[in-house]
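The structure appears below as structure tokens.
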Amino acid sequence: MSKPSIPQGTRDFSPAVMAKRKFIFNTIESVYQLFGFMPLETPAMENLSTLTGKYGNEGDQLLFKILNNGDYLKDLNLNELDSKSLTPKIADRGLRYDLTVPLARYVVMNRNDISFPFKRYQMQPVWRADRPQKGRYREFWQCDADVLGTDSLLCEADFIRIYNTVFNQLGLKDFEIRINHRKLLEAICESCGVGNQFKTITIIIDKADKIGHDGVKKELLEIGLSDDNSNKLLSLLERLPLNPETLQNLESKLGHLENGIKAINDLKQVILLAGNASINVKLDCSLARGLDYYTGCIFEVIPTSVKMGSISGGGRYDDLTGVFGMNGISGIGISFGIDRIFDVMEELNLFPTSSNLFTDILFCPMDENAILYCMDTAHTLREHGFKVEIYPSASKLKKQLDYANDKKILWVAIAGENEIASNQISLKNMQTGEQLNCNLNDIESAIKSQ
RNA sequence: GUGGUCAUAGCUCAGUUGGUUAGAGCAUCAGUUUGUGGUUCUGAGGGUCGUGGGUUCGAUUCCCAUUGAUCACCCCA
């Protein structure tokens, strides 16, 4: 038999790793709930017709397809088919590629039962048949929150506050929120006389971080921009603090354009509503992201003290549900990339040392009688909120203490002949090594007094 | 989808200019006169050297293929 393995780009998460992941998940979830978002879960698999055509040509290739059950080759003439035309005939379902399309599908299906604005969060794995590399997996988790059915800029401001709250609670101080506005991008292109090449231009300037201003200019010249216009464009890409001065400056350059004034007014309103939370927000006109469906503000969060890509992104979109035949629903959403947040926190050593997932007290029975002796007391402590376990056999004490160390259990309660005779327990602190005898009923107070 | 690097014990790695039974540290398990650990000592288990083929008297070592890992590009979280 060959050694067992797991598929490419997937991972097991050990208990020690899960403790840390849970810390991140729980933090994000509790903050989402603080802002009034409600949980939603959708199936791992969707009908392939729901997924295809939503992510562009490249996206379709990255979908995991699920082979139909039964004799799926029946009625097929294999000679007339290539692999591309074969797929829809033998696979009706696929694994979800993100959480946004399933959300749109859900909203359309349940339109009569949903009252708007609809605020939901969703934290589930998604799958992409991409080639794995650093910080990139075939199965990874997204933590989305979206507000559907309102175009209020209060949502943008709320998401800025959510970013601050989440990263403060995680202990990640060095981060920068970058914001841009789709219409600002359009205005910039217009003012440089390249409004008709909007999409090409944005793909180029989105790479500014990677290839630098020189690289951007080179590519702009290649697609036929004049030297003048590319310089003008580049001068607008500087990353500046999002504040009234920056916007006023921008208004003097783009205020004559309809798109420009709309975007600037939106951003002004966001600053006002976000208040102090907007302090570490930077206006980044090179930020483009998945342009296809974003129509208003666009967000990205970058860790500033670690070399790592974005750890969160999002933006406003119109007509999310249009592809499923339900028009007029606009909204805004963000997504945390928890796998990357994990890597950043690991690198900066930000995980709290004590985890509330681990056992608080381990009972160590020295003989069979002691097991029975511990059972009721252990359960009373559980009812009082302690995480308690009893070592399941009367093994040698060394082995039991090793087990406690391995699981980072702080307290052990040793019970043997002597303790039973005196109706007591030997309570030992595994960190200090101190040990004391106390009555069974006094364990809780003894622990709390330390 | 394109290109580079790599593959020896559970983990981190030695090693052989191709030659008998492939090593170390850590980890695991078991003992160290039987109720005290994380920092004693002793011992044990564990590898068909990623898989398949080729060259050779002989391959873990050389060649080819394949699979996987990893990094970069494309794109993206």
Side-chain angles (χ1 to χ4, degrees), chain A residues 1-12 14 24 28 55-63 83-84 96-100 123-144 203 206-207 209-211 215 288-292 299-303 308-315 333-344 362-367 369-370 391 394-421 425-437:
Chain A
M1 204 175 107
S2 59
K3 286 183 186 175
S5 62
I6 57 175
Q8 189 179 35
T10 66
R11 295 155 295 164
D12 288 324
S14 67
I24 300 175
I28 294 171
Y55 309 106
N57 283 338
E58 300 230 0
D60 282 356
Q61 295 197 317
L62 298 180
L63 287 173
S83 58
K84 198 173 178 182
R96 78 166 96 77
Y97 180 90
D98 68 2
L99 301 178
T100 307
M123 310 201 298
Q124 291 188 274
V126 302
W127 294 268
R128 295 182 190 178
D130 207 350
R131 181 172 291 204
Q133 53 181 276
K134 188 180 179 65
R136 199 165 180 186
Y137 306 95
R138 288 186 149 180
E139 177 186 61
F140 62 97
W141 273 251
Q142 290 190 331
C143 305
D144 282 24
I203 288 172
D206 194 36
K207 291 190 279 191
D209 255 6
K210 195 177 284 183
I211 62 178
R289 299 191 56 79
L291 274 162
D292 281 355
F299 295 111
E300 196 163 88
V301 180
I302 309 285
M308 177 76 73
S310 68
I311 50 178
S312 179
I334 62 167
S335 181
F336 287 94
I338 95 117
D339 297 284
R340 283 186 180 173
I341 293 174
F342 184 97
D343 289 344
V344 171
L362 174 73
F363 279 83
C364 299
M366 300 316 300
D367 54 48
N369 291 335
Y391 199 86
S395 303
K396 293 171 65 169
L397 190 54
K398 173 177 160 51
K399 192 178 162 91
Q400 300 196 36
L401 295 180
D402 280 341
Y403 177 83
N405 280 327
D406 194 46
K407 286 187 76 170
K408 298 183 167 51
I409 297 171
L410 182 57
W411 295 98
V412 297
I414 302 163
E417 262 180 75
N418 302 338
E419 286 82 1
I420 295 175
I425 204 92
S426 291
L427 190 63
K428 181 184 177 76
N429 182 314
M430 294 298 282
Q431 221 157 49
T432 63
E434 284 170 31
Q435 188 167 330
L436 58 93
N437 290 326

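Naming: A, B, ... by sequence-line order, numbering from 1 per chain.
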One should report the stems of RNA chain B, each a stretch of at least three consecutive Watson-Crick or G-U pairs at distances under 3.5 Å, as B:1-7 with B:67-73, B:10-13 with B:23-26, B:28-31 with B:41-44, B:50-54 with B:62-66

Measure from CG on D402(A) to P on G31(B) and round the result to the nearest Å.
-> 13 Å

Between L410(A) (CG) and G37(B) (C1'), how many Å, whole number?
-> 13 Å

Report yes if at least one side-chain N or O of K399(A) is closer than 4.0 Å to OP1 or OP2 of A30(B); otherwise report no.
-> yes

Compare every heavy atom of S335(A) with every heavy atom of Q142(A), then report the nearest pair and how far apart it is.
-> CB-OG, 3.9 Å

Nucleotide nearest N405(A) (side chain, heavy atoms from C-beta), chosen from U36(B), G37(B), C76(B) = G37(B)

Per the atom types in the model, does the base of U70(B) pair as donor or acceptor with the side chain of R131(A) at under 3.5 Å?
-> no

On RNA chain B, nearest-nucleotide positions of Q431(A) versus S426(A): which is more 5'?
-> S426(A)

Taking the C1' atom of each, how far is U55(B) from A7(B), in whole Å?
-> 22 Å

Expressed as a whole number of Å, how far does the C1' atom of A14(B) sit from that of U61(B)?
-> 14 Å

Rounded C1' spacing from A59(B) to C76(B) in Å = 44 Å

Here the distance between atom P of U70(B) and atom CZ of R138(A), to the nearest Å, is 11 Å

Considering only atom P, compute the distance from G23(B) to G47(B) and round it to an integer number of Å.
-> 14 Å

Pairwise P distance, C26(B) and U40(B) [rounded to whole Å] = 10 Å

Tell me which of A415(A) and D406(A) sits closer to the 5' end of RNA chain B, going by the nucleotide each one is nearest to.
-> D406(A)

A72(B) phosphate, OP1 or OP2: any side-chain N/O from Q133(A) under 4.0 angstrom?
-> yes

Using atom C1' of each nucleotide, how far apart are U48(B) and A44(B) to the nearest Å?
-> 22 Å

Length of the CG-C1' vector between N418(A) and U36(B), whole Å | 13 Å

Rounded to whole Å, the CD-C1' distance (Q124(A) to A77(B)) equals 16 Å

Is there a side-chain polar atom (N or O) of Q8(A) under 4.0 Å from OP1 or OP2 of A69(B)?
-> yes

Presence of donor-acceptor pair under 3.5 Å, side chain of K428(A) and base of U36(B) = yes

Do the side chain of Q435(A) and the base of G35(B) come within less than 3.5 angstrom through a donor-acceptor pair of N or O atoms?
-> no

When rounded to whole Å, the CD1 to C1' distance for the pair I334(A) and A77(B) reads 13 Å

Mind calculating the distance between OH (Y403(A)) and P (U36(B)) to the nearest angstrom?
-> 21 Å

Distance between C1' atoms of G45(B) and U33(B) (Å, rounded) = 26 Å

Would you classify G433(A) as touching base, sugar-phosphate or nothing, given that sugar-phosphate means primed atoms plus P, OP1 and OP2, and contacts are heavy atoms under 4.0 Å?
-> base

Determine the interatomic distance between C1' on U32(B) and the same-named atom on G46(B); round to the nearest Å.
-> 23 Å

Applying side chain to side chain donor-acceptor pair (under 3.5 Å) to T100(A) and not counting sequence neighbours gives none

Using atom CD1 of I24(A) as one end and atom C1' of A77(B) as the other, report the distance to the nearest whole Å.
-> 13 Å

Checking G37(B), G35(B), C76(B) against the side chain of R128(A) (C-beta onward), the nearest is C76(B)

Would you mind classifying the nucleic acid contact of Y137(A) as base, sugar-phosphate or nothing, using non-hydrogen atoms under 4.0 angstrom?
-> base

When the ring planes of Y391(A) and Y403(A) are compared, do they come out parallel, tilted or perpendicular, using 30° and 60° as the limits?
-> perpendicular

